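Contents: one structure, followed by commentary.
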Amino acid sequence: MARFAPSEIEPKWQQAWEKAGTFTARREDDKPKYYVLEMFPYPSGRIHMGHVRNYTMGDVIARYKSSCGFSVLHPMGWDAFGMPAENAAMERGGHPREWTYSNIAVMRDQMKPLGLSIDWSREFATCDPDYYGQQQAMFIDMMEAGLVYRKNATVNWDPVDMTVLANEQVIEGKGWRSGAPVERRDLTQWFFRISDYAGELLEALGGLDNWPEKVKLMQRNWIGRSRGLQMAFSTIDAPEGFDRIEVYTTRPDTLLGASFIGISPDHPLARALEQDNAALAAFNAGCRRMGTSEEDLEKADKKGYDTGLRVRHPFDTAWELPIYVANFILMDYGTGAIFGCPAHDQRDLDFARKYGLPVLDTFVAQNNGQPVGNEAFVPPKSETVRWLRAYAWDEIATGEEAIEAAIRFCESNGVGQGVTRFRLRDWGLSRQRYWGCPIPVVHCGACGVVPEKKENLPIRLPDDVTFDRPGNPLDRHPTWRDCACPACGAPAKRETDTMDTFVDSSWYFARFTAPRAATPTTPDEAGYWMNVDQYIGGIEHAILHLLYSRFFARAMHKTGHLPAKAIEPFDALFTQGMVTHEIYQTRDAKGRPVYHLPEEVENGHLKATGEAVEIIPSAKMSKSKKNVVDPVNIISGYGADTARWFVLSDSPPERDVEWTAAGAEAAHKHLSRVWRLADGITQEFNEGGIAAYEAEGAGAATEGEDDLTLRRALHRTIHDVTMGIESFGFNTSVAKLYAFTNVLAKTKAGLAARREAIMTMAQLMAPMTPHLAEEIWEMLGGAGLVAESPWPRADPALLIEETVTLPIQINGKRRSELQVAPDMPKEEVEKLVLEDDAVRKALQGGAPKKLIVVPGRIVNVVI
RNA sequence: GCGGGUGUGGCGGAAUGGUAGACGCAGAGCAUUCAAAAUGCUCCGGCCUUUGGCCGUGGGGGUUCGAGUCCCCCCACCCGUACCA
């Protein structure tokens, strides 16, 4: 072979690995284990560059750890339940199951040529009855452990399609298909008691040392522990049963700045009042004609309705405050009622200005007594301020001090109680959809809600369903619901809600340890493989998926499915960025945008018609904008190693990466160059170089100056590439390998040194470009597979620099430099600095004000 | 709206508070070639009065002998916002 031919070598080495069982995870008790996991994909139909990037990063870690002597588990599966399969069935006919499994087959075929070191024998999809049956068994255990309950909750209701909508399906308050204004509706739903674990989930974040700070911070804020006062206002002339309105406030210190009470349109009082108040009923109905998403509620114009009712201020019974129904107060949060303090809350201030309510400053800045105008005064709680309306603390105090004093005062005067609350709400897992894991319970007229018997699991989804009309096909199936009550045997009805797909993805990592077991996990396998040592996925999962998984691991421990050590299932987490691309757009006759695939565009024009395209800056690759690059084209054109090398190059893994065709071309050129270098050394070796090689001493350290220089560069590269991989700096590892390639191409070193260098380089490249590495290793007579060879170690003696360049700054600006031994004592460096021409010129015979020497780094002369 | 993040040459990016721009792309020049492709070598932030100097890491301020890096304010973009996965 005289050229780099990925299409020949890649299948060859993939077969060799498969034959050798290189990637089969084995429990080896004499080796440390390492479990590396990338977030499993949703089987949307085709793999995209984001998958290639995510799985290549995981593969680098898996191959590297394997070389370092770990017994590695690196599995793959499919997050296979979810709405898109049902949408496809509605739009194109067919069945979600067929759509899903055929997508999985296509994507598996697209992934395999990447040469990932995955143990495919452990593969499963969450829609496999075997998987969701085990999930149902755990659900029953969790019911018995008191981790599950039912309550009413609000959903988006499409009154035309008569179906529940996901938040994503509500566009500007309207159903995405029907276009009808969405209503909010209450349904009885299943919940996990995640909020019981709020405190623990918060505390335990402190132990996750190898998680990104930003993720921990986002989770902390999401869980949202707050200390506040739960108290009641007594009402004046309110309907029967509403003499008190409970509110929760984190700012009881501003109680003397209260100017109104706000209640949710779904508050029991609001519902009672709307019975005989048509205007209020209309207002409430308006509020309910809005999606349920927090974003929509918060961004909507703040509106209120004055009920005409009033409450008395607890400190002054003569002081009356109006009760407003307000659209921005959610019944799900706290008590569904607040008191508004406009001076110190922007939202309350906007509301007060809109409805002409008083604004009472309770405190002002210490050095500036300006009253609040159109901007609320909200300093950090730790800041000292001057109080105008303090009631139990000093005039000068911080918010924190005032809050604690206020709670103590209120408690001792019978006005409410100090409580700790969490923002985190219980996890609603019910979905009124077909393509999900059926909730394994039965509704019996006599026994009520009863869990299914475990021997009847899995409760399978029926296959004979249609998607010709909206709604849940399980509800209208003629016979599926019919069953016998597991408790009394009488005829009963199955639950038709299925589970949120977040349930599926909250324990798949545990199932991978024993994917075919007859129980959800087994103690042996979970005990050996858990925890996940390195988890890799998108930042978009920072809160929900990762928090639910942390809860589930605790629930699985409580129900005996995971050992105690696994309650934090992910030891280390890495969040990678997205793959982006420019968007190419033209417009149709009506001026509407038409998008074009990158492969249809050349030099800013459509290849087919020559029409100029408008180029919109990079955005996340998405099918609708057609700014997607199909990795399959890259792999078939340049090979998997090129695709892998490119996604690892240039961009730091945590940042978004822009896909460019030029980048792929460059990656391919470089790999060809490395191949040619190896080929050249091989030729030299085979064509009579052997004698010279032996004369130099096979592989031993040689004495020539060039040999030593090459070896120093090699060991520096071993060190730098290893550090890069260890710290997820794959782009810098790649850059160091580029630099070393340049050194190797130019060196005059002997054959033995060059052979050693290229073979070590093959080992260093193996996690990134495994096929090319095997090929080079084989060409040069390496023993066995490079994938099974031990990771090279840098010789510390070769890493020590003989001299360093010490820049000399004068007043912080670089003016000169010095070549010195890295360990030269400070005093000697100072002496040399003062003798430097530039320094002498600047000093003009005087002495420097200050002379800063940072050994081995820099010198700064301050004049 | 709220929470979190990102911002450095024409482009992707590098840089424990210590020489800003490593490495790569694009571009320019040269070699090789009948020619081209491929390959190899050299140059490559801006400005100026060019053996030197000034400016420069989204904008504005600050801390420091020294700031891309730390602190404050602002702008733009990205992620999440509990039924997208």
Side-chain angles (χ1 to χ4, degrees), chain A residues 39 41-42 44 79 81-84 153 155-156 164-170 189 194 212-215 217-222 224 291-300 302 328 332 346-347 350 423-433 500-502 504-505 538-545 547-548 575 577-578 580 617-620 649-652 654-658 660 662-663 665-667 669-670 672-673 676 729 731-732 734-739 741-742 745-746 805-809 811-815 817 848-852 854 856-863:
Chain A
M39 289 178 187
Y42 179 79
S44 55
D79 188 12
F81 275 137
M83 286 199 312
V155 295
N156 301 309
V164 177
L165 297 178
N167 285 338
E168 185 190 52
Q169 298 171 317
V170 178
Q189 311 255 305
I194 189 173
E213 281 305 322
K214 63 182 169 189
V215 174
L217 189 54
M218 281 189 258
Q219 291 210 356
R220 275 190 193 106
N221 291 337
W222 184 261
T292 57
S293 85
E294 190 199 22
E295 185 188 358
D296 287 347
L297 292 174
E298 287 285 339
K299 278 188 181 166
K302 309 296 178 278
F328 57 88
D332 289 346
Q346 192 59 47
R347 196 171 59 181
D350 295 341
R423 202 184 79 100
L424 179 67
R425 309 198 299 259
D426 275 333
W427 172 8
L429 68 113
S430 286
R431 296 294 181 270
Q432 292 70 42
R433 280 187 252 286
D500 178 9
T501 57
F502 274 123
D504 313 336
S505 56
I539 186 69
E540 67 271 23
H541 296 293
I543 296 174
L544 294 181
H545 163 61
L547 192 62
Y548 290 155
T575 54
M578 299 172 302
T580 62
S618 271
K620 177 172 158 179
S649 306
D650 295 346
S651 245
E654 68 276 13
R655 221 185 290 175
D656 296 348
V657 65
E658 165 80 4
T660 61
E665 178 70 31
K669 277 186 187 174
H670 177 73
S672 301
R673 186 180 182 216
R676 279 197 308 276
N731 55 323
T732 57
V734 166
K736 300 294 181 185
L737 285 163
Y738 266 107
T741 308
N742 291 336
K746 285 175 193 164
T805 303
L806 219 50
I808 299 175
Q809 295 183 334
N811 288 339
K813 287 188 190 287
R814 188 185 169 284
R815 285 293 181 262
E817 63 183 37
K849 247 189 234 166
K850 214 169 179 182
L851 186 54
I852 293 149
V854 184
R857 302 291 329 198
I858 204 164
V859 177
N860 194 2
V861 186
V862 186
I863 294 170

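Every chain is numbered from 1, with letters handed out A, B, ... down the list of sequences. Remember, it's a predicted structure, so these values are computed and weren't measured experimentally.
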inquiry  = How would you summarise protein contacts on nucleotides 20-33 of chain B per nucleotide, using B for base, S for sugar-phosphate only and - for none, with heavy-atom distances below 4.0 Å?
reply    = --BSSS--------

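Atom P of nucleotide B:rC2 and atom NZ of A:K299 are separated by 11 Å, given to the nearest angstrom. Residue A:E298 contributes atom CD, which lies 5 Å from atom C1' of B:rG1 at whole-angstrom precision.
Set against B:rC65, B:rA82, B:rC83, the side chain of A:V862 has B:rC65 as its closest nucleotide. Comparing B:rA82, B:rU19, B:rC84 by their closest approach to the side chain of A:I858 singles out B:rU19. Distance from the side chain of A:F502 is smallest to B:rA85 among B:rU81, B:rA85, B:rG18. Nearest nucleotide to the A:Q432 side chain, out of B:rA82, B:rC83, B:rG1: B:rC83.
Between the side chains of A:N742 and A:R673, at least one donor N or O sits under 3.5 Å from an acceptor N or O.
Remark: RNA chain B takes part in the stems B:1-7 with B:75-81, B:10-12 with B:23-25, B:27-31 with B:39-43, B:45-48 with B:52-55, B:58-62 with B:70-74, each of 3 or more antiparallel Watson-Crick or G-U pairs, criterion distances under 3.5 Å.
Checking the phosphate oxygens (OP1, OP2) of B:rG12, no side-chain nitrogen or oxygen of A:S651 falls inside 4.0 Å.
As rounded to the nearest Å, B:rC43 and B:rU49 have C1' atoms that lie 24 Å from one another.
Among the candidates A:N860, A:V862, A:V861, the single residue satisfying the side chain to side chain contact (heavy atoms under 4.5 Å, CB included) test with A:N811 is A:V862.
Applying the 90° criterion around 0 to the glycosidic angle, B:rG45 comes out anti.
Among the atoms of the strands shown, none is found under 4.0 Å from any heavy atom of A:H670. Using a 4.0 Å heavy-atom criterion, one finds that A:S430 contacts the bases of the nucleic acid, with or without backbone contacts as well. Within the 4.0 angstrom heavy-atom criterion, base atoms lie near A:V155.
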task = Might you work through the side-chain hydrogen bond (donor to acceptor under 3.5 Å, both in side chains) test for A:T292 and A:N156, ending with a clear yes or no?
result = CA-CA 6 Å; A:T292 57; A:N156 301 309; 3.3 Å; yes

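Residue A:E294 places no side-chain atom within donor-acceptor reach of the base of B:rC2, judged by atom type and a 3.5 Å distance cut-off alone.
Annotation: the span from A:D500 atom CG to A:Q189 atom CD amounts to 10.5 Å, rounded to 0.5 Å. For the atom pair A:M83 CE and A:Y42 OH, the distance stands at 9.0 Å (nearest 0.5 Å).
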Please list each protein N or O that sits under 3.5 Å from an N or O in nucleotides 3-8 of chain B, with the distance.
from: B:rG3; atom 1: O3'; to: A:N221; atom 2: ND2; distance (Å): 2.9
from: B:rG3; atom 1: O2'; to: A:N221; atom 2: ND2; distance (Å): 2.8
from: B:rG7; atom 1: OP1; to: A:R655; atom 2: NH2; distance (Å): 3.2

